[in-house]
K.L.:
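Sharing a structure below in structure tokens format, with a few things to ask.
Reckoned from all heavy atoms, side chains included, excluding hydrogens, waters and symmetry mates. If you're wondering where the values come from, they're calculated on a predicted model, not measured in any experiment. In each ligand, atom 1 is the first atom listed, and ligand 1 is the first ligand listed. All residue numbers in this chain count up from 1 along the given sequence.
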Amino acid sequence: MTKIDEKLEPILDEVLRRNAGETEFHQAVREVLESLGRVVAKHPDYAENALIERICEPERQIIFRVPWIDDEGRVRINRGFRVQFNSALGPYKGGIRFHPSVNLGIIKFLGFEQIFKNALTGLPIGGGKGGSDFNPRGRSDREIMRFCQSYMLELHRHIGEHTDVPAGDIGVGGREIGYMFGQYKRLTNRYEAGVLTGKGLSYGGSRARKEATGYGATYFVQRMLEKRRLGFEGKRVVVSGSGNVAIYTMEKVLAFGGTVVACSDSGGYVTDEAGIDLDLVKEIKEVRRERISEYARLKGSGAHYLEKGSVWDVPCEVAMPSATQNELSGKDARVLVENGVIAVGEGANMPCTPEAVSVFREAKVLFAPGKAANAGGVATSALEMQQNASRDSWTFEQTEGRLAEIMGNIHDTCAETAEEYGAPDDYVLGANIAGFVRVAEAMRALGVI
Ligand code: GLU
């Protein structure tokens with residue numbers, strides 16, 4: 001673990017004390033504070049007026065009961081969250097996650113990451129995150145609708161196009177956003193398109209939003225490789241996960257000439273000697289909503305499903321962890337390095353453990369942290385807000401063009417910032433510092449609030 005500057009140590013101690021047991025949140029804060037030593041050494045004024053302490057404390061945290069009735073007529077209870085972390089740059093912005101592992105610490109880590117990620121996009125969006133410990137797996141469409149409606153029945157009073165703009169995340173896609181938007185519209189009697197992003201194209205969504213996180217992460221890694229006169233062409237790529245981020249990462253990797261050799265879900269992973277057949281993955285995950293094990297069964301020869309070991313055991317030159325937090329351990333990182341990985345791009349939020357990140361750093365593997373590499377999703381959400389505000393709708397090409405440009409800028413900002421602070425090629429440091437400086441500038445200008 002990198003050492004924290006002694007001026008910043010008491011800040012971390014206070015975060016640990018005040019947020020006991022929230023391990024993922026501690027991890028996310030520690031990583032940012034590790035990078036900020038160089039900033040406060042150069043600009044001590046950023047440490048004035050408890051600015052860093054304020055960034056670590058959410059502006060508002062909302063926790064609520066979500067009752068709903070299942071198909072058997074039983075009343076179920078889940079817990080809903082929305083953490084409105086920082087609104088210095090714009091309305092709170094960030095997704096909603098439905099997953100049984102969700103708790104306050106997870107939502108706070110995601111909200112905290114979101115502040116810097118959103119700042120890096122250069123667009124006017126603050127940071128927030130929400131979710132519930134609701135498990136959508138195996139739930140009928142009607143149960144999903146009732147749950148979304150109940151969740152929104154409380155959430156609607158806390159959000160708005162100028163206040164807080166939620167979107168999707170794990171377990172929340174177009175279907176869930178549709179049900180939530182419908183309920184918001186009914187409760188408020190307002191067609192306020194800009195209150196949610198990730199909407200369907202039939203009611204105010206943006207083209208390329210669905211593809212944006214995966215495409216964006218791939219653009220980022222492509223740029224990182226390009227700067228070293230490398231590219232995806234002919235490279236073996238492992239993409240973990242098989243949800244929205246993973247699927248559109250695979251699509252762009254294929255478009256850039258790479259071969260996807262494996263993908264996964266929480267049950268296991270699949271390999272295919274012919275390269276992963278993306279149409280089949282889409283059919284299984286987007287249409288049938290089934291497990292990835294179905295892939296091997298449907299594909300037959302050449303395809304294998306494995307439950308033992310890890311998707312990171314599959315040799316590759318580029319790894320794109322796109323499933324969930326802490327899915328890639330120090331041990332996995334060492335296996336990847338031994339197998340000759342040259343670049344890692346985080347499509348998910350914080351998928352590599354701190355130990356894994358230091359293994360990559362020591363081995364001089366190009367490493368793109370999630371808050372920079374996966375910012376394409378939220379950036380395109382901000383483009384969706386722009387289209388909604390101007391009552392306009394852009395073409396796919398136009399929207400993807402903006403996305404590619406934004407990802408290029410984020411890459412260059414991180415690289416230049418790392419260089420400026422004396423750590424060339426350290427994208428973690430570059431992303432944390434560049435994101436922080438943007439938020440810090442705005443917070444200073446707004447006074448102690
Ligand atoms: N959940 C996504 C993320 O982690 C997207 C958030 C959004 O579009 O607001 O960035």
K.L.:
Less than 4.0 angstrom from a charged side-chain N to a carboxylate O is my criterion; do E283 and R289 meet it?
P.N.:
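Between R289 and E283 there is no salt bridge, as every charged N stays at least 4.0 Å from the carboxylate O atoms.
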K.L.:
Do S381 and R209 have side-chain N/O donor and acceptor atoms under 3.5 Å apart?
P.N.:
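Present: a donor and an acceptor within the cut-off.
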K.L.:
If the threshold is 4.0 Å, N to carboxylate O, is there a salt bridge linking E286 and R175?
P.N.:
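Answer for the salt bridge query: no.
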K.L.:
Looking only at distances, can you tell me whether any N or O atom of N374, backbone or side chain, sits closer than 3.5 Å to an N or O atom of ligand 1?
P.N.:
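No, N374 has no N/O under 3.5 Å of an N/O on ligand 1.
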K.L.:
Any idea which protein heavy atom is nearest atom 5 (C) of ligand 1, and the distance to it?
P.N.:
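Checked against all protein heavy atoms, atom 5 (C) of ligand 1 sits closest to R209 NH2, 3.5 Å.
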K.L.:
What protein heavy atom sits nearest atom 3 (C) of ligand 1, and how far off is it?
P.N.:
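Closest protein heavy atom to atom 3 (C) of ligand 1: K117 NZ, 3.3 Å.
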K.L.:
For ligand 1, is G198 a contact, meaning one of its heavy atoms is under 4.0 Å away?
P.N.:
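Not so, G198 does not reach ligand 1.
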K.L.:
What part of K129 sits under 4.0 Å from ligand 1 if we count only heavy atoms: the side chain, the backbone, both or neither?
P.N.:
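Contact part for K129 vs ligand 1: side chain (C-beta onward).
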K.L.:
Should K108 and E22 count as an ion pair when the cut-off is N to O under 4.0 Å?
P.N.:
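Yes.
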K.L.:
With a heavy-atom distance limit of 4.0 Å, tell me whether Q114 approaches ligand 1 through its side chain, its backbone, both, or neither.
P.N.:
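Near ligand 1, Q114 shows its side chain, while the N, CA, C and O stay back.
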K.L.:
Of all the non-hydrogen atoms in the protein, which one sits nearest to atom 9 (O) of ligand 1, and at what distance?
P.N.:
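Checked against all protein heavy atoms, atom 9 (O) of ligand 1 sits closest to K93 NZ, 2.7 Å.
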K.L.:
So, Y151 versus Y179, ring centres under 6.0 angstrom or not?
P.N.:
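Ring centroids of Y151 and Y179 are no less than 6.0 Å from each other.
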K.L.:
Between D412 and R223 (salt bridge meaning N to carboxylate O under 4.0 Å), is one present in this structure?
P.N.:
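Looking at R223 together with D412, the answer is yes, because their closest N to O distance falls below 4.0 Å.
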K.L.:
Provide, to 0.1 Å, the distance between atom 6 (C) of ligand 1 and the closest protein heavy atom, together with that atom's residue and name.
P.N.:
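The closest heavy atom on the protein side is G95 N, 3.5 Å.
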K.L.:
Just need the protein heavy atom nearest to atom 8 (O) of ligand 1, so name the residue and atom and give the distance.
P.N.:
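Protein heavy atom at minimum distance: S381 OG, 2.6 Å.
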K.L.:
Counting heavy atoms only, name the option from G168, G377, A212, G127 that's nearest to atom 2 (C) of ligand 1.
P.N.:
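Result: the heavy atom closest to atom 2 (C) of ligand 1 is in G168.
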K.L.:
Check whether any side-chain N or O of Y215 sits under 3.5 Å from a backbone N or O of A212 as a donor-acceptor pair, and report yes or no.
P.N.:
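Between the backbone of A212 and the side chain of Y215 there is no qualifying donor-acceptor contact (under 3.5 Å).
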K.L.:
Taking both backbone and side-chain atoms of V165, is any N or O found less than 3.5 Å from an N or O belonging to ligand 1?
P.N.:
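N/O-N/O distance under 3.5 Å: no.
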K.L.:
Given that the side chain starts at C-beta and the backbone is N, CA, C, O, which of these parts of N349 lies under 4.0 Å from ligand 1, counting heavy atoms, or is it both or neither?
P.N.:
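Looking at N349 and ligand 1, just side chain atoms fall under 4.0 Å.
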K.L.:
Is E294 salt-bridged to K285, cutoff N-O under 4.0 Å?
P.N.:
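No, E294 and K285 are not salt-bridged.
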K.L.:
Quick one: do S266 and R137 satisfy side-chain hydrogen bond (donor to acceptor under 3.5 Å, both in side chains)? Show the steps, please.
P.N.:
CA-CA 12 Å; S266 57; R137 186 177 300 164; 3.3 Å; yes
K.L.:
Which is it for M385 and ligand 1 at heavy atoms under 4.0 Å: side chain, backbone, both or neither?
P.N.:
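Looking at M385 and ligand 1, no heavy atom falls under 4.0 Å.
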